[in-house]
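Contents: one structure, followed by commentary.
Whatever order the structure lists ligands and atoms in, that order sets their numbers, starting from 1. Residue numbers start at 1 and run along the sequence shown. Basis for what follows: all heavy atoms, side chains included, without hydrogens, waters or symmetry-related copies.
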Amino acid sequence: MTIALAIHGGAGTLRRSELSLDQEAAYLAGLNAALDAGLTILQQHGSALDAVTEAVVVLEDNPLFNAGRGAVFNSAGQIEMEAAIMHGPNQAAGSVTGLRRTRNPVRLARVVMERTPHVMLGFEAADRFAVESGLPQCDADYFHTERRWQALQDELERLAVGGSDADVPEDRKHGTVGAVALDHAGRLAAATSTGGRTAKWPGRIGDTPVIGAGTWADIHCAVSGTGHGEFFVRTAVAHDIAARLRYGGFTLQQAADDAIQILTAMGGCGGVIAVDHHGQIAMPFSTEGMYRAAVNGQGQRMVAIYHDLV
Ligand code: ASP
């Protein structure tokens, strides 16, 4: 049976001119590690759900990416993490938002999906539920990365003087991690995790935990998005791609390209990773780069940051 896996580390990359060779190597190593974590599971006939969970956990634990350990700060200097997971065969889904202490939000999203009667859980009660579920908790120090703190100070300063958003580098605005997989039994799954947007309002909820916006999986395809969340919510990007396949007879690539084009025409930007039940993979994005890696149904492996393959 065909297996396939794609992961992303966010559409907010460092500008190419600012990416040192060491940084590039560190990002590629992080992507490769996450891809390998998921791939090993798929190769051993594990489930797509396990593959996307473990790939995302590796990215959440890596401070380079905006999720888990490397989550960005909101305008009050706090982190509020979000995550979602969805299982294609039965469209079971779980998502969490507003987490401050749970080390791996994607694990909590999965517990919500598998052990509660609900789909979405948020804020203090969600962190409490993580404790009750035995998931590791971390204090604020664990989540405090100097680079994200500096990004918040710069953003607050920009907002105070009314500076243009167009001048803010994309790595300051975006970031999220995600994975989509097809397993040996033909099952699709998607997972996404994020710190959201730097200097977001406390309580702001983005696209990642909104099922159908930043995350979706059914029997046709699995999708995980990254980019300006409000636009992903307004255009229901992840579900739109699945609907184009289901009702429109689009190929995965056409469907994903169109969804990103619509989002961009509306004033948003970002990208998605998507896999269909044939093991085809599409990874369009409208930003300068998107950290990404994949192995498609033919076993071809790729890792890249910008539009050309590095
Ligand atoms: N989509 C995320 C959000 O808006 C951030 C990102 O992927 O850049 O919360």
Do [Y] and [X] meet the salt-bridge criterion of a basic N to acidic O distance under 4.0 Å?
X: E132; Y: R115; answer: no
X: R244; Y: D240; answer: yes
X: K200; Y: E155; answer: no

Q.
Just to confirm my output: which protein heavy-atom neighbour is closest to atom 7 (O) of ligand 1, and how far is it?
A. T176 OG1, 2.6 Å
Distance filter under 4.0 Å to [X] heavy atoms, resulting ligand 1 atoms:
X: T226; value: 6 (C), 7 (O), 8 (O)
X: R197; value: 4 (O)
X: G196; value: 5 (C), 9 (O)

(Q) Tell me which one of T215, T176, T192 satisfies side chain to side chain donor-acceptor pair (under 3.5 Å) with S224. (A) T192
Going by heavy-atom distance to [atom], choose the closest among [options].
atom: atom 3 (C) of ligand 1; options: V210, T194, D207; value: D207
atom: atom 2 (C) of ligand 1; options: G206, G268, G227, G229; value: G227
atom: atom 5 (C) of ligand 1; options: G10, G175, A213; value: G175

Q) Where does R204 meet ligand 1, judged by heavy-atom distances below 4.0 Å: at the side chain, the backbone, both, or neither? A) side chain
Q: Report the relative orientation of the aromatic rings in H144 and W149; use parallel for angles under 30°, tilted for 30 to 60°, perpendicular for over 60°.
A: tilted
**Q.** Sub-6.0 Å ring centroid separation between H8 and F285
**A.** no
